[in-house]
J.: 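Here you go, one structure.
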Amino acid sequence: MISTALIQAAEYEDANPLFPNPWEALVAGLGFLVLLFIVYKWIYPAFEQAYENRVEAIEGGINQAEEAKAEAAALKAQYEKQLADSRAEASALREEARAEAAQIVAEAQEKAASESARIREQAHAQIEADRAAAAVSLRADVGTLATQLASKVVGEALDDDARSQRVVDRFLADLDAEQVQGAAQ
Amino acid sequence: MRGPALSSLALSAAEEGGFQPPTISETHLPEIFPWMEPWGEGFGKNMLMVILAVVLIAFLFMWAIRKQALVPSRAQFLAESGYGFARNTLGRDILGEKHFKPWVPLLFTVFFFVLFNNIFGAIPFLQMPTFSHAGPAYAMAAIIWITWVVLGFRLHSVKFVRLMTVPSGVPKWILPLLVPIEFISNFLIRPMTHSLRLMAVMLAGHIIVMLAGSGAEFLITQQEGIANTGLGIVVLLGSIPLYFLELLMMVLQAFIFALLTAIYIQSSIEADAH
């Protein structure tokens, strides 16, 4: 028992914890370097890549939202402009139509007026012509009829054309004069 | 220094067939494949755990990020949180927005390599933090020390030594005293403290766990009397908060080790700034 304790004490002196086992040091150092290589080659890039991807996704999402917003604003502006344009166009068209309508009405009125004037003119001319024709025909017929009537009344033939003509003319001239006087009065 | 006192204690206890505390030698388990025996050591548990850590970290992180999903799964989220911690807290916050990118792999690897190897100490059956052995801790500190020095010389050439040893704004007469202190502190003591801090905390935690375990076992199974059994149970219960304290220490030490790595690299990058 004593000897074991002594041996243990001796071993205690031997196993100085500060004295390294070189092989353990070598294995630990190599292990660390191998791990460092693995980390450098695969783990570090993978984690950084994942981090990058996430940053990109988040920032990309924000950018996309902003882009969509800008696009919507542009579209809205475009639509508003189109709407204003079409409104202006409609009002211009309305204005034009109104002007056109007024022009058409004016033209129609003018045309109608000129037509009616023409018709009136024509009618006047016709009437005048008819009156003149009637007057001529009457003048001839009234002479004849009056002569015949007179001859029948007088009972003698008043065939002497020259004389009867003179009588008729005188009579008619008197008649005309009377008429003029009547009209003057 | 504890040797004689402990041996006399063990001596008196051994006479009564008493408790023999576990020794540091017991933290070195027998080799699994003793094929390197002629050159000193075989293939031990410690080495196996280093390889396990490398495989686990590489596999877990590559598996978690395999899809690079925009909406991460739970595993990917967890892995990204861990990666983000190394990248942002250790990298960006200390090295600055301008310089941190190329150092992310190193800081990530340092943090998770140390963290996994520490956590092994809290996992049943593995139950040994790799860095409770001095060798791996020295190796890690050496790699980081070399990185720090090489980087310093590449960025500032020979001026780097002056930048690291001559503090600015100090009266001239004090420099002969200060320069050797600064040189020893920065170039010699720094890697020692860097590694020993980790190793000592892990070893202490490991020994405490072993001590509590073997002590409780001894009190319960080897000793007579209800009082001793009760004491053993109390020790066992007491070891539970100790376990969680150890867990905290494991994470904290991994963080401190990686944080110091970042701070050393930062001191190289911006050596001329202060």
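Below, read A as the first sequence line, B as the second, and so on, with proteins coming before strands; counting in each chain starts at 1. Everything numeric here is computed off the predicted structure, so don't read it as measured data.
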J.: Which atoms of B:V110 come close to chain A, meaning under 4.5 Å heavy atom to heavy atom: side chain ones, backbone ones, both, or neither?
T.: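 Answer is both: backbone and side chain atoms of B:V110 are under 4.5 Å from chain A.
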
J.: Assess whether atom CZ of B:F85 is packed by more than 12 heavy atoms of other residues, nucleotides or ligands within 6.0 Å.
T.: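 Counting other residues, nucleotides and ligands, CZ of B:F85 exceeds 12 neighbours.
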
J.: Return the OG1 to CG distance between B:T109 and A:L36, rounded to the nearest 0.5 Å.
T.: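 Result: 4.5 Å between the selected atoms.
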
J.: Pick whichever of B:V71, B:L70, B:L196 has the most heavy-atom pairs under 4.5 Å with chain A.
T.: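 Answer, by heavy-atom pair count under 4.5 Å with chain A: B:L70.
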
J.: Is chain B contacted by the side chain of A:I38, its backbone, both, or neither, given a heavy-atom distance below 4.5 Å?
T.: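 The side chain, not the backbone.
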
J.: May I have the step-by-step check of side chain to side chain contact (heavy atoms under 4.5 Å, CB included) for B:M199 and A:L18, ending in yes or no?
T.: CA-CA 9 Å; B:M199 190 278 271; A:L18 295 182; 3.5 Å; yes

J.: Against chain B, label A:L30 side chain, backbone, both or neither, depending on which of its atoms sit under 4.5 Å from a heavy atom there.
T.: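 For A:L30, no heavy atom lies under 4.5 Å from chain B.
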
J.: If the contact rule is any heavy atom under 4.5 Å from chain A, which residues of residues 94-105 of chain B qualify, in numerical order?
T.: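 Only B:K101, B:V104, B:P105 of residues 94-105 of chain B have a heavy atom under 4.5 Å from chain A.
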
J.: Verify, without hydrogens or angle tests, whether A:R54 (side chain) and B:A69 (backbone) share a donor-acceptor contact under 3.5 angstrom.
T.: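 Yes: the side chain of A:R54 pairs with the backbone of B:A69.
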
J.: Under a 3.5 Å threshold, yes or no: a donor from one side chain and an acceptor from the other, between A:E48 and B:Y83?
T.: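 A pair is found: one side chain offers a donor N or O, the other an acceptor, under 3.5 Å apart.
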
J.: Might you point out which heavy atoms bring A:I43 and B:I57 nearest each other, and give the distance in Å?
T.: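 Minimum heavy-atom contact is CD1-O, 4.3 Å.
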
J.: Count the heavy atoms of every other residue, nucleotide or ligand shown that sit under 6.0 Å from CD of A:E71, and state whether that count exceeds 12.
T.: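 Open: at most 12 neighbouring heavy atoms sit under 6.0 Å from CD of A:E71.
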
J.: Report, by ascending residue number, the residues of residues 73-82 of chain B in heavy-atom contact with chain A at a distance under 4.5 Å; give 'none' if the set is empty.
T.: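 So the qualifying residues are B:Q76, B:A79, B:E80.
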
J.: Once rounded to the nearest 0.5 Å, what's the spacing between atom NZ of A:K41 and atom CE of B:M62?
T.: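 Reported to 0.5 Å precision, the distance equals 11.5 Å.
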
J.: Under 4.5 Å, counting heavy-atom pairs only, tell me which of A:F47, A:Y40, A:W42 racks up the most with chain B.
T.: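 Result: the option with the highest number of such pairs is A:F47.
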
J.: For the interface with chain A, which of B:A53, B:P72, B:A142 has the highest count of heavy-atom pairs at distances below 4.5 Å?
T.: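 Maximum pair count with chain A is reached by B:P72.
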
J.: Identify which part of B:F108 has an atom lying under 4.5 Å from any heavy atom of chain A, answering side chain, backbone, both or neither.
T.: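 Side chain of B:F108 only, per the 4.5 Å heavy-atom cut-off to chain A.
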
J.: As an exercise: rank B:I65, B:V50, B:L106 by heavy-atom pairs under 4.5 Å with chain A and give me the winner.
T.: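 Counting heavy-atom pairs under 4.5 Å, the top option is B:I65.
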
J.: Return the minimal non-hydrogen interatomic distance between B:M47 and A:E24, and the atom names on each side.
T.: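 Here B:M47 and A:E24 meet closest at CE-N, 3.6 Å.
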
J.: Should we say atom CD of A:E110 is surrounded by more than 12 heavy atoms from elsewhere, each under 6.0 Å from it?
T.: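 Atom CD in A:E110 is not crowded, with 12 or fewer foreign heavy atoms closer than 6.0 Å.
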
J.: What part of B:I143 gets closer than 4.5 Å to chain A, counting heavy atoms only: side chain, backbone, both or neither?
T.: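 For B:I143, side-chain heavy atoms alone lie under 4.5 Å from chain A.
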
J.: Quick one: pull up CG in B:N117 and CZ in A:F32 and give me the separation to the nearest 0.5 Å.
T.: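 Going from the CG atom of B:N117 to the CZ atom of A:F32 covers 11.0 Å.
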
J.: Please state whether the side chain, the backbone, both or neither of B:R66 comes within less than 4.5 Å of a heavy atom of chain A.
T.: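 Neither part.
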
